[in-house]
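Worksheet: one structure, shown below.
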Amino acid sequence: MPDLTPLWLTLRIASFATAIAFVFAVGFAWLTARFSFWGRDFLDAILTLPLVMPPTVLGYYLIVVWGRNGWLGSWLNAHFGISLMFTWQGAVVAATVVSFPLLFKSARAAFEGVSTEYEQAARILGDTELQVFFRITLPLAVRGLLAGTMLAFARAMGDFGATLMVAGNIEGKTQTAAMAVFDAVQAGDYTLANTLVAIMSVVCVTILVMTNKLANRGRAGR
Amino acid sequence: MPDLTPLWLTLRIASFATAIAFVFAVGFAWLTARFSFWGRDFLDAILTLPLVMPPTVLGYYLIVVWGRNGWLGSWLNAHFGISLMFTWQGAVVAATVVSFPLLFKSARAAFEGVSTEYEQAARILGDTELQVFFRITLPLAVRGLLAGTMLAFARAMGDFGATLMVAGNIEGKTQTAAMAVFDAVQAGDYTLANTLVAIMSVVCVTILVMTNKLANRGRAGR
Amino acid sequence: MRLEIDIRKTLQSGDRRFELEAAFSSQDDLTVIFGASGSGKSLTIQAIAGLVTPEQGRIAVGGKTLFDFHQDINLPARKRGVGYLFQDYALFPHLTVRENIAYPLRKAWYLKLSLDDLQEVAEIMASFEIAHLAASYPAELSGGQKQRVALARAMIKKPSILLLDEPFSALDSMLRHRMRMELLEIRQRFDVPLVVITHDPADVEVFGDTLVIFANGRVEEVCGRKKLAAPENEDGWRTKVCWRAQWKKENLVAQNFAMASGI
Amino acid sequence: MRLEIDIRKTLQSGDRRFELEAAFSSQDDLTVIFGASGSGKSLTIQAIAGLVTPEQGRIAVGGKTLFDFHQDINLPARKRGVGYLFQDYALFPHLTVRENIAYPLRKAWYLKLSLDDLQEVAEIMASFEIAHLAASYPAELSGGQKQRVALARAMIKKPSILLLDEPFSALDSMLRHRMRMELLEIRQRFDVPLVVITHDPADVEVFGDTLVIFANGRVEEVCGRKKLAAPENEDGWRTKVCWRAQWKKENLVAQNFAMASGI
Amino acid sequence: ASPASAETEILVSAAASLTESFKEIGKSFAEKNPGVKVSFNFAATGPLLQQIAQGAPADVFASADQESMDKAEKGGFILPGSRINFAGNSLVLIAPVNMPVVTGLGDLKSGRVQKIAMGNPESVPVGRYTKAVLEKQGLWDTLAPKCVMGISVKQALEYVMRGEVEAGFVYATDAAVARDKVRVVAEIPTDKAIVYPVAVVAGSVNKEKAQAFIQYLRSPEAQTILAKYGFKKP
Ligand SMILES: Nc1ncnc2c1ncn2[C@@H]1O[C@H](COP(=O)(O)OP(=O)(O)OP(=O)(O)O)[C@@H](O)[C@H]1O
Ligand SMILES: Nc1ncnc2c1ncn2[C@@H]1O[C@H](COP(=O)(O)OP(=O)(O)OP(=O)(O)O)[C@@H](O)[C@H]1O
Ligand SMILES: [Mg+2]
Ligand SMILES: [Mg+2]
């Protein structure tokens, strides 16, 4: 049985990253789905871009921004004395960036699929825009959002390049499961690699299946 | 101006990969969205798995299967004398695998969002299941499918690890834009890296914006 | 004998349970299904169309068995050749009015419509007064306009039986009148039997050769126009309606009585 | 003076163009809007509810200005305090019947309903005969059941005006009658004015203190009950309806005449 | 190779650290040998070996370390007897130019050094060399928690260049590329000499040409080019 620390770390990082990506993605998705403004398609494309970058390259740009001497990172360091480099929080930032586009795109499509009639009905029944969003739009878009969340979670779990670049590969501290697998494959230790992959797959499949089940249980008719 | 061969190659690979992934993803998505069978959630999770694997590891498994000595690859080689290793077709296979889950999940959510009432109406009007699918389900799911296709295309364009493993990094033959960027970063040639990234981003944004525009034009009311 | 039905089906929603036990037959070309809200009318004609599969029983239209539990027959909806008007229209939101109506004609996927077919679509649109809406999408229609489009779509293929779920509810009285006449004409021209669910006594009057009354998932009463039942117990409203349907315009006083109590 | 409206709005769908020019006022508590399909009735009450923003004009209810182009007033829908019954109900598919009806009461997001509120929901469900459906989802309801749930939801907040788009079209006549009485009672108890779009002459009779007749996006005629217009030109069906609405049950012959020609 | 052209093509799978020098050598080889085209497949040594093991159509395998080549040899993936060493390198300790903290190996223990970048000993050759040296000096156990393991030597270099770490272990050739951003603190002698092996792949269909390329690597022209990029003689 191999060391499972990387797995727990991965789950923690992926959970945080998905949660953060969710908030931003839902916000942007709502904006682009419900309002028509100049440059909307452009914004949409820009927000999808992180997907096109090879993760390692993305990681490189992340360091440029968030690194100790990066332009956001140095500010963080000067004012709060914190640095994201080589910490699991840094890994969260990296994983958030790589998984964001998945959630954003899914959420936008999901919101666009919600008939505006229900939203209008809610407005007449006295809801503010915020209430309409939380009580009608969000629950009615739940399938697409869930699919997006699962994609984002899986992507965050599997991210390797960007996370590695920002968080380093410090055993017991920032070494995620993906890195451990990578190391094993690189080192030619295929038994270990296969075991790790098997464990990761089982964990991931379990999570995905359970999420699906929960979602189906909580789902309304139609 | 840097050499643009990798870019064209990338576009070609990404287009083929997205097209292939589309066919399979739509098929599986339809199956899981419209039929309830034992192990459906499990199948869904399995099909999402490629996302969790670090691409290089995925690439490793791909060459174990498709390599000239791999169990599918050796058969291909023995019967048709072809090998996918170090060819752009191999890159297509790798890119297809990494982008498949994105399309599959989006498509499933999109299909589930289509009210079955329309499908029933089409059946009564004389449609076979296949016609129902192509004339009703598919067009009504177009937003989600499009979002998924764009995600998959972007992912295929940006893939590095898996593609590199299967197709190699051979200049002018299998070196994709992502690899060229990676090489530039590795060589410390940041000017080249930034230029390549800028070109890739512009191309990708253009494609995404145009797809969005086309889709909106061709879209029906509601 | 054109329509024979004898089916059972149980529906469950949480604790609530609805049992449908619909059995009736109609020799007439015009059958009206009448009954309280939630009594199983829509479910019954959905079973005829093949949208709902009964747990038991048999459905036959014009001698052709559509469903038979014991013989293990269950024709798919597309082979039943029925026309169906959905209660909420089910117009395809991604197609224009013209495309919606032409839908059943265009069998190959990308083939253009033939000139004959186009002509047919144009004619039916004209007769339903929706020609000016041809290029609009369902979302841009008023309630009544939607309903007419749905009717045109259901009728263009000359179905062997036409099932109508409250076909005129969203129409104004002028249009309602004209559509009724239109329907009756179509019925005669193509010899297509109609099954109409309605809440409108005027429909009962016009279409009710056979009147089937539903209550709580069961057929409460079937009155043929020929079976001239005496109006014995006038206290039940159903009897009145039945009776009214039979006596039609010939007995204005009775009609008024029914109207007044049925406002 | 309870309702004043004078608005313009142009809608475009491809080549087709619809111009709405709705201007009328009603001092009565009961206003019926009557008119051909596609004549702009739904659009007009959507403008009152704040779902459609007119390009011009003014809307006032009970002295409160909801919209005024010149004064740049345009209250958002949630502040207009109107009740609205959608033509296709717009029940929230992810909520049960009970949750749908309680929707306007539950303002904080996750707060439980108070006992009083629960009581209220239970009462209104009972009076609309949908208590047994409380735990069902809209997809599991029949057409008439959906409509009653939508009515209950629109009425539970005691709106300052209740807008009803063909409220009884999917109900059977018994229920239709009862719901009408129910509505009239509610109207009186809470002093809430009603605006009803209908195609049913019986509705015109009961609700039509003021009858507004639409044609082609314009108000063709407004008849107050008080304004006892003589039935001069009986050849127009609208006049008949107006006339009928005014004379109500007092003149059965006229009613029958209208019925016969309006089948 | 397409039969239409008389040109034969050989594919050289080479370690990423050889990218620039090999591209140049490839050109000069082609000039000397008309009719032969040299293509390169650059990646980390690990993937290269895996590709060859799975039957990739490479002709030459140039590895950054002996171990990978040993594995290739043991697996029978290279032509027996074709293996030679063609270049050498050395391990250096580097630090960012503007960070004067580290002046020698001994400073690494100091509390002011929080992070040290190195290649991952499990997969990156330079990491293995580094670990061996540190273990021999008795520093490994103290330093290991501070070490950031890059997937490649370039990643370790990147960290040092951007000042994210106080020190790092890379090859002399890497340090040479980033001369303006990093400063070489010390050259660290390794037990085993760092030498790059090259061999003809067993499955090669152009064995003579591949052999010719390998021979060319030892030629003065090629050695000059390698030296230009900081490589030593083998
Ligand atoms: N989004 C839209 N775009 C273009 N035209 C529209 C749109 N919505 C409605 N219309 C048109 O406006 C007209 C008035 O519609 P409205 O829904 O008010 O009719 P209505 O009087 O309620 O009719 P019905 O009795 O059939 O419900 C119709 O001709 C309709 O086609
Ligand atoms: N999917 C379902 N699950 C559970 N119950 C259902 C479902 N669909 C319909 N029902 C119930 O079945 C009963 C009959 O429904 P049906 O639609 O046939 O009524 P109906 O006679 O057409 O009424 P209406 O005149 O109101 O349209 C209703 O009580 C309804 O609530
Ligand atoms: Mg019904
Ligand atoms: Mg309307």
Side-chain angles (χ1 to χ4, degrees), chain C residues 11 13-16 18 34-43 87-89 96 129-130 132-137 139-148 165-166 168-177 180 198-202 205-206 237 241 249 252 255-256 258-263, chain D residues 11 13-16 18 34-43 87-89 96 129-130 132-137 139-148 165-166 168-177 180 198-202 205-206 237 241 249 252 255-256 258-263:
Chain C
L11 283 152
S13 137
D15 286 345
R16 190 164 64 91
F18 181 80
F34 201 87
S37 173
S39 59
K41 306 182 295 297
S42 295
L43 282 179
Q87 201 164 2
D88 47 359
Y89 322 135
T96 61
E129 299 185 20
I130 44 178
H132 62 297
L133 305 174
S136 295
Y137 285 96
E140 301 162 342
L141 303 181
S142 80
Q145 289 166 343
K146 276 185 206 161
Q147 205 172 40
R148 277 176 283 160
D165 201 342
E166 309 191 18
F168 310 122
S169 62
L171 301 182
D172 60 278
S173 43
M174 276 296 274
L175 212 61
R176 203 178 276 215
H177 175 62
R180 267 192 209 111
T198 188
H199 289 126
D200 187 342
E205 233 171 281
V206 176
W237 63 276
V241 173
K249 292 168 201 156
L252 266 171
Q255 185 183 352
N256 289 333
M259 272 300 295
S261 72
I263 281 173
Chain D
L11 282 151
S13 138
D15 286 344
R16 191 165 62 92
F18 181 79
F34 201 88
S37 174
S39 58
K41 307 183 294 297
S42 295
L43 283 179
Q87 200 164 2
D88 47 0
Y89 324 135
T96 61
E129 299 185 20
I130 44 178
H132 61 297
L133 306 173
S136 296
Y137 285 96
E140 301 163 341
L141 301 181
S142 78
Q145 289 166 342
K146 277 185 206 161
Q147 205 172 39
R148 278 176 282 160
D165 200 341
E166 309 192 19
F168 309 122
S169 62
L171 302 181
D172 61 278
S173 44
M174 275 296 274
L175 212 60
R176 203 178 274 216
H177 175 63
R180 266 191 209 113
T198 188
H199 290 124
D200 187 342
E205 233 171 282
V206 176
W237 62 275
V241 172
K249 291 168 201 156
L252 267 170
Q255 185 183 350
N256 288 334
M259 272 300 296
S261 70
I263 280 171

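What you see is a predicted model; the values in this text were computed from it and never measured. Throughout, a chain's letter reflects where its sequence line sits, starting with A, and its residues are numbered from 1.
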side-chain contact (heavy atoms from CB on, under 4.5 Å) assessment of D:Leu11 paired with C:Glu140: CA-CA 9 Å; D:Leu11 282 151; C:Glu140 301 162 342; over 6 Å; no

Minimum heavy-atom distance between D:His132 and C:Arg16, given as atom pair plus value: O-CD, 3.1 Å

Backbone N/O of C:Gln145 and side chain of D:Ser37: donor-acceptor pair under 3.5 Å: yes

Between CG on residue D:Leu141 and OG on residue C:Ser13, distance to nearest 0.5 Å: 7.5 Å

Residue part contacting chain C, namely of D:Leu133, when any heavy atom lies under 4.5 Å: both

Interchain contact, D:Ser136 with chain C, by part (heavy-atom threshold 4.5 Å): both

